[in-house]
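Remarks on the structure that follows.
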Amino acid sequence: MQHDFIPYLKTLLNTVATKCRRSRTSFTEEQLKILVQAFSQNPYPGYTAKQRLAVEINTEESRIQIWFQNRRARHGFLERPKKNLGSSKDHASPKEKIQDGRDRRCRTSYSSSQLQTLKNAFTENPYPGIDSREQLAEEIGVPESRVQIWFQNRRSRLRIQRKRGLEEASDQRQNQGQ
């Protein structure tokens, strides 16, 4: 009897695990051609460029962002190209600087009630699946991609705080030993 239960349990666990992740985004050959061409022109597109691509190939900007991140990882890009600040010809004009500033996504501001909802959800599960994130996003009125980023940032902040706490505890032990 117990042996019959194990395959059922494995199937149940696989079903639960797959519902927690977003399904893989599949791009058509035509969409991939457009993405590869854009990547060859600029492997680090700004927010507005990603928005244009998303409209052009009919998908979400967050999926474009992930595609570029994955593509850079596969092609061994280590970091963004550094701008040479020593040369006067490389200095951007004020108009170009304004354009660079517009190419970033606006910072998302959360109200205190939105933050409290996010914090409560984080306490329950710091790694929510796509269904939970979509439900939270609808509840607080922001896009799911912003909820995803909020959780990533919150987990990062928690790791940094824990690391600092361990370093401080280690320093205190060393000081007590002297």
Side-chain angles (χ1 to χ4, degrees), residues 19-28 30-85 90-163:
K19 287 188 178 185
C20 291
R21 297 190 73 160
R22 180 191 306 270
S23 59
R24 183 182 176 103
T25 303
S26 297
F27 294 107
T28 65
E30 187 61 33
Q31 288 173 321
L32 284 173
K33 281 181 188 176
I34 293 168
L35 289 169
V36 168
Q37 182 183 12
F39 183 85
S40 67
Q41 291 174 358
N42 181 8
Y44 293 94
Y47 179 61
T48 53
K50 288 183 282 190
Q51 279 184 316
R52 272 187 256 119
L53 279 169
V55 169
E56 188 176 347
I57 66 173
N58 193 26
T59 191
E60 298 173 38
E61 180 271 335
S62 62
R63 300 301 90 207
I64 301 292
Q65 181 175 340
I66 297 299
W67 186 89
F68 272 86
Q69 287 174 348
N70 291 339
R71 183 77 175 198
R72 287 191 301 265
R74 271 186 249 117
H75 285 77
F77 281 76
L78 298 176
E79 59 187 56
R80 286 195 130 144
K82 301 257 190 283
K83 291 184 180 178
N84 183 1
L85 298 176
D90 287 339
H91 285 282
S93 69
K95 192 173 186 177
E96 289 171 331
K97 286 181 182 176
I98 292 169
Q99 177 59 37
D100 287 347
R102 265 191 255 144
D103 211 24
R104 294 192 74 176
R105 180 191 314 269
C106 292
R107 184 180 178 96
T108 305
S109 298
Y110 297 101
S111 68
S112 57
S113 63
Q114 288 173 320
L115 276 176
Q116 193 57 50
T117 303
L118 288 166
K119 288 175 183 177
N120 291 342
F122 185 84
T123 303
E124 289 177 30
N125 181 9
Y127 294 91
I130 180 67
D131 295 335
S132 301
R133 291 194 311 265
E134 285 177 342
Q135 185 180 356
L136 264 172
E138 190 174 319
E139 187 178 327
I140 65 173
V142 299
E144 181 274 333
S145 60
R146 300 299 88 207
V147 172
Q148 183 178 16
I149 297 299
W150 187 89
F151 273 85
Q152 288 173 350
N153 291 340
R154 189 66 174 208
R155 289 190 301 263
S156 176
R157 196 162 116 200
L158 187 64
R159 279 191 297 274
I160 290 168
Q161 287 173 344
R162 285 180 180 160
K163 185 178 177 183

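One-based numbering along the sequence shown.
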Begin from the C-alpha positions of Gln65 and Glu60 and carry the test side chain to side chain contact (heavy atoms under 4.5 Å, CB included) through to its verdict.
CA-CA 9 Å; Gln65 181 175 340; Glu60 298 173 38; over 6 Å; no

Evaluation steps, side chain to side chain contact (heavy atoms under 4.5 Å, CB included), between Phe122 and Leu158
CA-CA 11 Å; Phe122 185 84; Leu158 187 64; 4.1 Å; yes

Heavy atoms of other groups near Glu138 CD, more than 12 under 6.0 Å
no

Rounded to the nearest 0.5 Å, how far apart are CZ of Arg133 and CD of Gln148?
4.0 Å

Quick check for you: to the nearest 0.5 Å, what is the distance between Leu35 atom CG and Ser40 atom OG?
11.0 Å

Ignoring hydrogens, what is the shortest heavy-atom contact between Glu61 and Gln51? Give both atom names and the distance.
CG-N, 4.1 Å

Stepwise, does the side chain to side chain contact (heavy atoms under 4.5 Å, CB included) test hold for Arg52 with Tyr47?
CA-CA 9 Å; Arg52 272 187 256 119; Tyr47 179 61; over 6 Å; no

Report the distance from atom OG of Ser156 to atom CZ of Arg159, rounding to the nearest 0.5 Å.
5.0 Å

One pair to check against side chain to side chain contact (heavy atoms under 4.5 Å, CB included): Ile57 and Leu32. What are the steps and the verdict?
CA-CA 9 Å; Ile57 66 173; Leu32 284 173; over 6 Å; no

Working to the nearest 0.5 angstrom, can you tell me the gap between Glu139 CD and Ser113 OG?
9.5 Å

Got a second to check how far Ile140's CD1 is from Arg146's CZ, nearest 0.5 Å?
11.5 Å

Please check if the number of heavy atoms outside Asn58 that lie under 6.0 Å from its CG is greater than 12.
no

Using the side chain to side chain donor-acceptor pair (under 3.5 Å) rule, take Gln135 and Asp131 through it: C-alpha gap first, then chi angles, then the decisive distance, then the call.
CA-CA 6 Å; Gln135 185 180 356; Asp131 295 335; over 6 Å; no

Do you know which two heavy atoms are closest between Asn42 and Tyr44, and how far apart they sit?
OD1-N, 2.9 Å

Taken to the nearest 0.5 Å, the spacing of Ser26 OG from Arg63 CZ works out to 12.0 Å

For a 4.5 angstrom cut-off between non-hydrogen side-chain atoms, does Val142 reach Tyr110?
yes

Between Arg71 and Val36, is any pair of side-chain heavy atoms under 4.5 Å apart?
yes

So which atom in Pro128 and which in Arg155 form the shortest heavy-atom distance, rounded to 0.1 Å?
CD-NH1, 4.3 Å

For the student: nearest non-hydrogen atoms of Pro143 and Ala137, plus distance
C-CB, 3.9 Å

Just checking, any donor-acceptor pair under 3.5 angstrom between side chains of Asn120 and Glu124?
no

What are the two closest non-hydrogen atoms of Pro43 and Phe68, and how far apart are they?
O-CD2, 3.6 Å

Taking all atoms of both residues into account, what is the closest heavy-atom pair of Leu53 and Ala38, and its distance?
CD1-CB, 3.8 Å

Where does the angle between the aromatic ring planes of Trp67 and Phe39 fall among parallel (under 30°), tilted (30 to 60°) and perpendicular (over 60°)?
perpendicular

